[in-house]
Amino acid sequence: MINVAINGYGVIGRRVADIVDMQPDMKLAGITKVHPDYKAHSAIQKGYRVYGIDDKSRNALTDAGIPTQGTMKDLVSQVDVVVDASPGDVGDQNLALYKEMGKKAVFQGGEEHELTGLSFVAQCNYDKAKNKQFVRVVSCNTTGLCRVLNSLDEAFGITKANVVIARRATDPDDSAKGPIDSVVLDPVSIPSHQGLDVNTVLPNFPVVSMAFKIPTTHMHLHSLIVSVKGAASADSVINKLENTTRVMLINGKKDGFKSTANIIDLAREMGRPRNDIYESVVWRDSVKVIGNEIYFFMAIHQESIVTPENIDAIRALYGKNEKSESIAVTNKTLGIRT
Ligand code: NAD
């Protein structure tokens, strides 16, 4: 069993904790919390061992009636792998502790690629992370893009990819951020970081992205234009994506998927925990080939798409499983069609 700690129990950490707990080859040693809020109470109700990140937060948790087992250092000392799901750039500060204790760690997309020198998407570069000490799971948009671009590159040879991303403003549990009534260029200058980030995983073709924030919380929406060398048709693109793991194809016209809201509604109907959609979701009837360019729309559930990647990253660092084996086990526990 791989003993796992979750450091940072927010949007990403809570999801990864639940899924670690479901893996046949992993054991969740505990989670860290900073504040004694409802998320800390819910962790206790799930039977998770809770640790403060330091003495101050441990005391605050204890004073609020939340039983704690120690601090982050106590938790990290007893595990094989830490999933660092702290806010962006905080993982950078935690790295020294993991190094000092000789622990392996999985970081998130809010950290810079340079932190680990290895950015990860399971189906693209699982083997590169095998037996390494540190890896960074890329952000939600980058993960979604890497899955489809890697697959199309295999089939048709990509020469260039362009993507325009309408970003959700913030996550559903965050009432502090906007916009409420505007479209915010994110950033004004081009390119945005997502395309460059794809190149940390898939370096062989340029990806240019531009992004803006819109007043929704559920999902991001990508408009892609992908130039290829090989002969592609809408049918061959659809066929390739249909046979790509962690990509879901939906029908806009035939099945009534008119918006991202319908995808979240599907997740509710499927009984997925927290309405999670772990797959990159591509509208089948948006796929169009004009000359050597492939066009389509794709939706990304920002809160959950990196959950399976974190589980595979843990296995890759541990080094005992092959890529296909790890992806199959993770997919099965999450209910992802293989
Ligand atoms: P979050 O704010 O929801 O959760 C972070 C948690 O870490 C909070 O509970 C916070 O209290 C805790 N924390 C604060 N300081 C800490 C410290 N020093 N040590 C440990 N924990 C600490 O953030 P999130 O959305 O879960 O993001 C976590 C990481 O995942 C970031 O790198 C982010 O960029 C990345 N990510 C986020 C999303 C998303 O859409 N939310 C998607 C993909 C990747």
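Read the numbers this way: they start at 1 and go in the same order the structure lists the ligands and their atoms. Computed from a predicted structure; not experimentally measured.
- At a 4.0 Å cut-off, not a single heavy atom of Arg14 sits close enough to ligand 1 to count as contact.
- Atoms of ligand 1 found under 4.0 Å from any heavy atom of Gly10, numbered from 1 in the order shown, are 3 (O), 4 (O), 6 (C), 9 (O), 26 (O).
- When the heavy-atom distances from atom 35 (C) of ligand 1 to Lys33, Gln108, Glu309 are ranked, the shortest goes to Gln108.
- Protein heavy atom in closest approach to atom 42 (C) of ligand 1: Gln302 O, 3.2 Å.
- Atom CD of Glu112 has 12 or fewer heavy atoms from other residues, nucleotides or ligands within 6.0 Å.
- For residues 308-328, no residue pair satisfies the ring pair (Phe, Tyr, Trp, His ring centres under 6.0 Å) rule, not counting sequence neighbours.
- Across the listed options Arg168, Arg15, His35, Arg168 owns the non-hydrogen atom lying nearest to atom 40 (O) of ligand 1.
- By the 30° and 60° cut-offs, the orientation of the rings of Tyr48 relative to Tyr9 is perpendicular.
- If you check which protein heavy atom lies closest to atom 11 (O) of ligand 1, you get Val34 CG2, 3.4 Å.
- For Met26, the CE atom counts as densely surrounded, since its 6.0 Å shell holds more than 12 non-hydrogen atoms of other residues, nucleotides or ligands.
- Around CD1 of Ile180, the count of heavy atoms belonging to other residues, nucleotides or ligands within 6.0 Å does not exceed 12.
- Looking at Ser86, Ser304, Gly8, it is Ser86 that brings a heavy atom closest to atom 29 (C) of ligand 1.
- Of all the heavy atoms of Ala85, the ones lying under 4.0 Å from any atom of ligand 1 belong exclusively to the backbone.
- The option from Cys140, Gly88, Ser57, Gly91 that lies nearest to atom 43 (C) of ligand 1, judged by heavy atoms, is Cys140.
- Any N or O atom pair closer than 3.5 Å counts here, and Val11 shares at least one such pair with ligand 1.
- Among all non-hydrogen protein atoms, the one lying nearest atom 20 (C) of ligand 1 is Asn7 OD1, 3.2 Å.
- The CD atom of Gln302 sits 4.5 Å away from the NE2 atom of His220 when rounded to the nearest 0.5 Å.
- Relative orientation of the Phe297 and Trp283 rings is perpendicular, given thresholds of 30° and 60° on the angle between their planes.
- Ranking protein heavy atoms by distance to atom 41 (N) of ligand 1, first place goes to Asp171 OD2, 2.7 Å.
- Any N or O atom pair closer than 3.5 Å counts here, and Ile12 shares at least one such pair with ligand 1.
- With rounding to the nearest 0.5 angstrom, the OG1 atom of Thr142 is 10.5 Å from the CG atom of Leu149.
- Among all non-hydrogen protein atoms, the one lying nearest atom 17 (C) of ligand 1 is Val90 CG1, 3.6 Å.
- Residue-level proximity to ligand 1 for Phe107 is absent, since no heavy atom of it falls below 4.0 angstrom.
- Under the 4.0 angstrom criterion for non-hydrogen atoms, Asn94 is in contact with ligand 1.
- Comparing Pro87, Gly52, Gly13 against atom 14 (C) of ligand 1, the shortest heavy-atom distance belongs to Pro87.
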